[in-house]
Amino acid sequence: MLIFKIFRSEEWAELRKLGETAGAPIDLADGYVHFSTEVQAAETAAKHFAGVDDLFLIAVDADAAGKALKWEVSRGGAEFPHLYRKMKLDDVVWAQPLPLENGVHQFPAGLDKASQ
């Protein structure tokens, strides 16, 4: 199963340069890297990145993350994947731009948009 991280372009560039990251400012504050499932990703973008352009959607294989990935109750009582180690470039299955069009982030074709 793929899980998803939304990064600003500079955060994605830093991961590519350094090979690992402790995440975005919210991740550093909370002590783990926040991820969303396919169904949760659009709501995460709308809630935490409203109006923000120049984002990237990063896909990671949840199984490959191993025991450092914990599923914990968060927004709306839903379980979200949280990574309790640095995210590594090797964790990334794919990454692509997450453009903003008319105030809405445009997710890749085929990604579940049930939360939009």
Side-chain angles (χ1 to χ4, degrees):
M1 153 186 220
L2 292 179
I3 56 175
F4 300 92
K5 177 70 180 163
I6 299 172
F7 270 141
R8 291 169 183 84
S9 62
E10 60 272 11
E11 294 161 345
W12 172 230
E14 181 178 307
L15 173 58
R16 290 190 334 261
K17 178 182 176 184
L18 301 177
E20 66 180 23
T21 181
I26 191 170
D27 303 319
L28 297 172
D30 289 346
Y32 54 83
V33 181
H34 293 83
F35 283 88
S36 298
T37 65
E38 180 176 347
V39 173
Q40 297 163 338
E43 185 179 349
T44 296
K47 181 176 175 69
H48 297 288
F49 298 93
V52 179
D53 203 4
D54 205 20
L55 299 176
F56 281 83
L57 183 67
I58 315 299
V60 168
D61 181 349
D63 293 332
K67 294 181 191 250
L69 187 72
K70 309 286 184 205
W71 291 84
E72 298 174 316
V73 175
S74 188
R75 184 174 67 230
E79 288 190 347
F80 280 74
H82 297 152
L83 185 64
Y84 284 89
R85 66 162 169 76
K86 288 188 175 182
M87 180 180 170
K88 299 177 179 149
L89 188 56
D90 289 345
D91 294 329
V92 176
V93 175
W94 56 257
Q96 64 184 71
L98 188 59
L100 185 67
E101 292 180 15
N102 299 319
V104 178
H105 291 100
Q106 302 301 304
F107 281 79
L111 208 66
D112 187 335
K113 303 201 182 39
S115 61
Q116 286 187 341

Side-chain heavy atoms nearer than 4.5 Å, only ILVMFWY residues, links allowed to pass through others: does that put Leu89 and Trp94 together? no
Do you know the tightest heavy-atom contact between Phe7 and Ala24? CE2-N, 4.0 Å
Taking the side chain as C-beta and beyond, is there a heavy-atom pair between Phe35 and Met87 under 4.5 Å? yes
If you round to the nearest 0.5 Å, how far is NZ of Lys86 from CG of Asp27? 12.5 Å
Run the salt bridge (Lys or Arg N to Asp or Glu O under 4.0 Å) test against Lys88 and tell me which residues pass, sequence neighbours left out. none
Might you point out which heavy atoms bring Ile6 and Ala41 nearest each other, and give the distance in Å? CD1-O, 4.0 Å
Check residues 71-81 and write down every donor-acceptor pair under 3.5 Å in which the side-chain atom is one partner and the other belongs to a residue at least two apart or another chain.
| from | atom 1 | to | atom 2 | distance (Å) |
| --- | --- | --- | --- | --- |
| Glu72 | OE1 | His82 | ND1 | 2.6 |
| Glu72 | OE1 | Tyr84 | OH | 2.9 |
| Glu72 | OE2 | Tyr84 | OH | 3.1 |
| Arg75 | NE | Glu43 | OE2 | 3.2 |
| Arg75 | NH2 | Thr44 | OG1 | 3.0 |

Membership question, hydrophobic clusters at under 4.5 Å side-chain separation (ILVMFWY): are Val33 and Val92 in the same one? yes
Could you state the interatomic distance from CH2 (Trp12) to OG1 (Thr21), rounded to the nearest 0.5 Å? 11.0 Å
Per-pair distances, 0.1 Å, donor-acceptor, side chain in residues 47-61, under 3.5 Å, sequence neighbours excluded:
| from | atom 1 | to | atom 2 | distance (Å) |
| --- | --- | --- | --- | --- |
| Asp54 | OD2 | Ser9 | OG | 2.7 |
| Asp61 | OD1 | Asp63 | N | 3.0 |

I need the Ile3 CD1 to Leu69 CG distance, nearest 0.5 Å. 4.5 Å
Nearest 0.5 Å, please: how far is NZ in Lys70 from CG in Leu83? 10.0 Å
Are any side-chain N or O atoms of Gln106 and backbone N or O atoms of Val104, one a donor and one an acceptor, separated by less than 3.5 Å? yes
CA sep, side-chain torsions, deciding dist, call: Asp91, Arg85, salt bridge (charged side-chain N to carboxylate O under 4.0 Å, His left out): CA-CA 11 Å; Asp91 294 329; Arg85 66 162 169 76; 2.9 Å; yes
Met1 vs Thr37 side-chain heavy atoms within contact, under 4.5 Å: yes
